[in-house]
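None of these values were measured; they are calculated from a predicted model. All values below come from the heavy atoms of this structure, side chains included, with hydrogens, waters and symmetry mates left out.
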Amino acid sequence: MKSTVAVLAVVAGLGLAAPAFAYDGTHCKEPGNCWEPKPGFPAVIAGSKYDPKHDPKELAKQDQSEREMEARNAKRVAYFKKTGKFIYDVDKIPND
């Protein structure tokens with residue numbers, strides 16, 4: 001019985017210590033600088049087949065929607081500073 005408990009304790013101890021000895025596949029250039037590409041991927045993404053090709057039209061849509069959002073937020077904040085009431089729906093803010 002004691003030998004079984006001892007064996008289980010040793011196996012449990014090894015199980016807990018195993019991750020500490022695991023090799024993670026990185027080669028650190030210096031402490032804290034351990035990045036490296038996964039096997040099969042280029043070291044530099046720019047110009048490779050993994051480089052995302054962003055459509056200027058889609059980027060312009062996003063830029064436009066961000067500008068509209070900032071304008072709505074500015075209108076909400078201005079009304080809140082003026083009256084002390086916050087109204088989320090910009091269409092319900094009176095034009096005074």
Side-chain angles (χ1 to χ4, degrees):
M1 181 70 176
K2 286 185 178 181
S3 65
T4 305
V5 172
V7 169
L8 289 175
V10 169
V11 169
L14 289 175
L16 294 174
F21 299 115
Y23 176 67
D24 63 356
T26 59
H27 305 284
C28 299
K29 297 173 186 160
E30 57 190 37
N33 184 9
C34 297
W35 184 88
E36 65 179 348
K38 289 183 178 181
F41 286 89
V44 178
I45 300 297
S48 71
K49 70 177 185 175
Y50 300 102
D51 188 10
K53 310 293 190 277
H54 297 295
D55 185 10
K57 291 178 188 175
E58 292 299 319
L59 291 176
K61 284 183 196 176
Q62 182 177 357
D63 186 44
Q64 177 66 26
S65 68
E66 286 177 1
R67 277 190 260 123
E68 290 169 358
M69 175 191 65
E70 289 169 357
R72 288 189 305 270
N73 287 340
K75 192 171 182 180
R76 290 178 184 123
V77 169
Y79 184 75
F80 178 75
K81 286 181 180 178
K82 183 175 158 185
T83 64
K85 290 192 259 180
F86 184 82
I87 298 178
Y88 180 78
D89 191 355
V90 179
D91 295 331
K92 294 181 180 178
I93 296 176
N95 293 327
D96 292 337

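- The two residues Arg76 and Asn73 make their nearest non-hydrogen contact at NH1-OD1, 2.8 Å.
- If you take OH on Tyr79 and CG on Asn95, they are separated by 10.5 Å, rounding to the nearest 0.5 Å.
- Summarising the local packing, OH of Tyr88 is surrounded by 12 or fewer heavy atoms from other residues, nucleotides or ligands at distances under 6.0 Å.
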Inset, instruction - In sequence, state the C-alpha distance, the side-chain angles, and the governing distance for Ile87 and Lys75, and then conclude on side-chain contact (heavy atoms from CB on, under 4.5 Å). - result: CA-CA 10 Å; Ile87 298 178; Lys75 192 171 182 180; over 6 Å; no

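- Residues near Val90 contribute nothing to a hydrophobic cluster around it, because no ILVMFWY side-chain heavy atom sits closer than 4.5 Å to its side chain.
- For residues 46-69, the ring-ring contact (aromatic ring centres under 6.0 Å, His included) pairs, not counting sequence neighbours, are Phe41-Tyr50.
- What you find for Ile45 and Asp51 is that their closest heavy atoms are O-CB, 3.4 Å.
- Qualifying side chain to side chain contact (heavy atoms under 4.5 Å, CB included) partners for Glu70, counting only residues two or more places apart in sequence or in other chains: none.
- For the atom pair CD of Gln64 and CG of Leu59, the computed distance is 13.5 Å after rounding to the nearest 0.5 Å.
- With hydrogens and angles left out, the side-chain atoms of Gln62 and Glu58 include no donor and acceptor closer than 3.5 Å.
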